[in-house]
Amino acid sequence: MNKIPPFDLTRQYQTLEAEINPVVSEVLRSGRYIGGNAVSDFEQAFSEYIGSTHCLGCNSGTDALYLALRAFNIGPGDEVITSPFTFIATAETISEVGATPVFVDIDLETFNLDSGQIEQAITPKTRAIMPVHLFGRPVEMPPLLDIAQQHNLVIIEDCAQATGAEWEGKKVGNLGHVGCFSFFPTKNLGGCGDGGAVTTNDPEIAATVNKLRQHGQPTRYIHDVIGVNSRLDAVQGAILQIKLRHLDSFNQARANIAQRYQELLSPLAHLVLPTAPPQGKAVWNQYTIRVLSEGSENRRDALRMALQEAGIGSMVYYPRPLHLQPVYDHLKATEGSFPKAEQACQEVLSLPMFPELTSEEQEQVVQTLKQFL
Ligand SMILES: *Cc1c(COP(=O)(O)O)cnc(C)c1O
């Protein structure tokens with residue numbers, strides 16, 4: 001039986017090996033391993049791609065979020081509204097700067113923040129909203145932008161899973177005040193190691209992020225604030241330049257795979273399939289279905305097991321919402337606090353999804369699914 005992985009990074013490297021190896025060798029021969037053209041050229045190309053005036057590379061998507069929060073001076077005593085159904089880094093960075101994450105439940109159809117519930121979570125301490133474009137689906141931004149404007153809040157977009165996604169023709173990362181990207185290998189634009197970037201149209205915020213990412217020095221060896229060491233490596237900059245040229249075609253391949261899953265799976269009961277947003281463009285970092293249960297047995301878990309037995313990998317992003325994580329016990333949320341996020345954690349299953357997945361493999365996934373259901 002052929003093993004079908006949830007994602008396979010080796011196939012993309014095979015496709016791009018002839019392009020990537022020479023630019024990596026060039027960096028290695030140059031002796032310029034930190035900074036230099038490889039990084040600044042990538043930053044330039046990426047800000048052009050996103051449509052923002054500034055792009056600042058950094059060590060990871062987590063650091064991008066952290067640097068963005070710091071740049072807006074968000075810290076102790078401040079609250080930031082975000083989703084409980086996301087990767088820990090989203091809330092973790094809010095805590096890391098000393099602020100408090102305030103969770104708002106999600107909309108089950110989009111898996112994104114339910115904008116209708118945001119206003120009731122706003123307090124005098126609220127400084128920012130951090131929407132997450134989860135699984136590559138862009139958040140419907142206009143309502144959030146309205147709320148932010150009314151209450152004088154900053155919007156920090158977590159774009160880690162959505163590089164290339166759009167809302168009404170505008171790329172995520174260029175919709176709020178600042179965009180935070182991850183180049184972790186499995187993201188839509190993935191490097192061969194860690195990497196991240198902050199995008200913004202605000203020159204002051206860009207200058208502050210630039211300072212913070214290099215030990216808080218506005219000029220060399222003058223430090224006026226406690227910063228961090230967070231750089232994008234030259235090798236990653238060179239690789240990401242190559243991959244950025246292919247990003248739209250990789251995202252198109254993901255969209256085609258999603259479309260095919262949609263066609264093959266839509267007659268099946270007990271499944272809720274992800275939808276594409278009408279005014280936006282999703283980039284399908286994940287293809288995440290909901291498996292509805294009957295009675296007390298969790299059918300999602302049973303299906304995942306059946307796929308596993310057939311040699312098909314699938315993933316549960318995420319099995320536990322952030323408000324029920326031990327690290328957030330002190331926020332005093334309980335089971336039932338955010339019912340939609342909790343329900344999602346019981347039902348979601350991400351099927352194999354990567355640009356190089358073949359249609360034969362997809363059919364095998366669907367066959368196995370059908371047998372189980
Ligand atoms: C991956 C991810 C991050 C963190 O990115 P890293 O590069 O792994 O630090 C943040 N938020 C979300 C939603 C992510 O998926």
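Indexing begins at 1, ligand by ligand and atom by atom, following the structure's order. This is a predicted model, so every value here is computed, not measured.
Listed by chain and number, the residues in a side-chain hydrogen bond (donor to acceptor under 3.5 Å, both in side chains) with N251 are N188 (sequence neighbours excluded). By the side-chain hydrogen bond (donor to acceptor under 3.5 Å, both in side chains) test, Q346 is found to be paired with N298, residues two or more places apart in sequence or in another chain being considered.
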Checking L322 against F85 for the side chain to side chain contact (heavy atoms under 4.5 Å, CB included) test, could you report, in this order, the C-alpha distance in whole Å, the side-chain angles of both residues, the deciding distance, and whether it holds?
CA-CA 6 Å; L322 297 188; F85 187 62; over 6 Å; no
Do any side-chain atoms of residues 27-37 form donor-acceptor pairs under 3.5 angstrom with protein atoms, and if so which ones, sequence neighbours left out?
{"residue": "S30", "atom": "OG", "partner": "V27", "partner atom": "O", "Å": "2.7"}
{"residue": "S30", "atom": "OG", "partner": "R32", "partner atom": "N", "Å": "3.0"}
{"residue": "Y33", "atom": "OH", "partner": "L28", "partner atom": "O", "Å": "2.8"}

Ligand 1 N/O to protein N/O, distances under 3.5 Å:
{"residue": "ligand 1", "atom": "5 (O)", "partner": "S182", "partner atom": "OG", "Å": "3.3"}
{"residue": "ligand 1", "atom": "7 (O)", "partner": "G61", "partner atom": "N", "Å": "2.8"}
{"residue": "ligand 1", "atom": "7 (O)", "partner": "S182", "partner atom": "OG", "Å": "2.6"}
{"residue": "ligand 1", "atom": "9 (O)", "partner": "G61", "partner atom": "N", "Å": "3.4"}
{"residue": "ligand 1", "atom": "9 (O)", "partner": "T62", "partner atom": "N", "Å": "2.9"}
{"residue": "ligand 1", "atom": "9 (O)", "partner": "T62", "partner atom": "OG1", "Å": "2.5"}
{"residue": "ligand 1", "atom": "11 (N)", "partner": "D158", "partner atom": "OD1", "Å": "3.3"}
{"residue": "ligand 1", "atom": "11 (N)", "partner": "D158", "partner atom": "OD2", "Å": "2.8"}
{"residue": "ligand 1", "atom": "15 (O)", "partner": "Q161", "partner atom": "NE2", "Å": "2.8"}
{"residue": "ligand 1", "atom": "15 (O)", "partner": "K187", "partner atom": "NZ", "Å": "2.7"}

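With F181 as the aromatic partner, K187 does not meet the cation-pi criteria of under 6.0 angstrom to the ring centre and within 45 degrees of the ring axis.
Taking the six-membered ring where the residue is Trp, the centroids of H323 and Y328 are separated by 6.0 Å or more.
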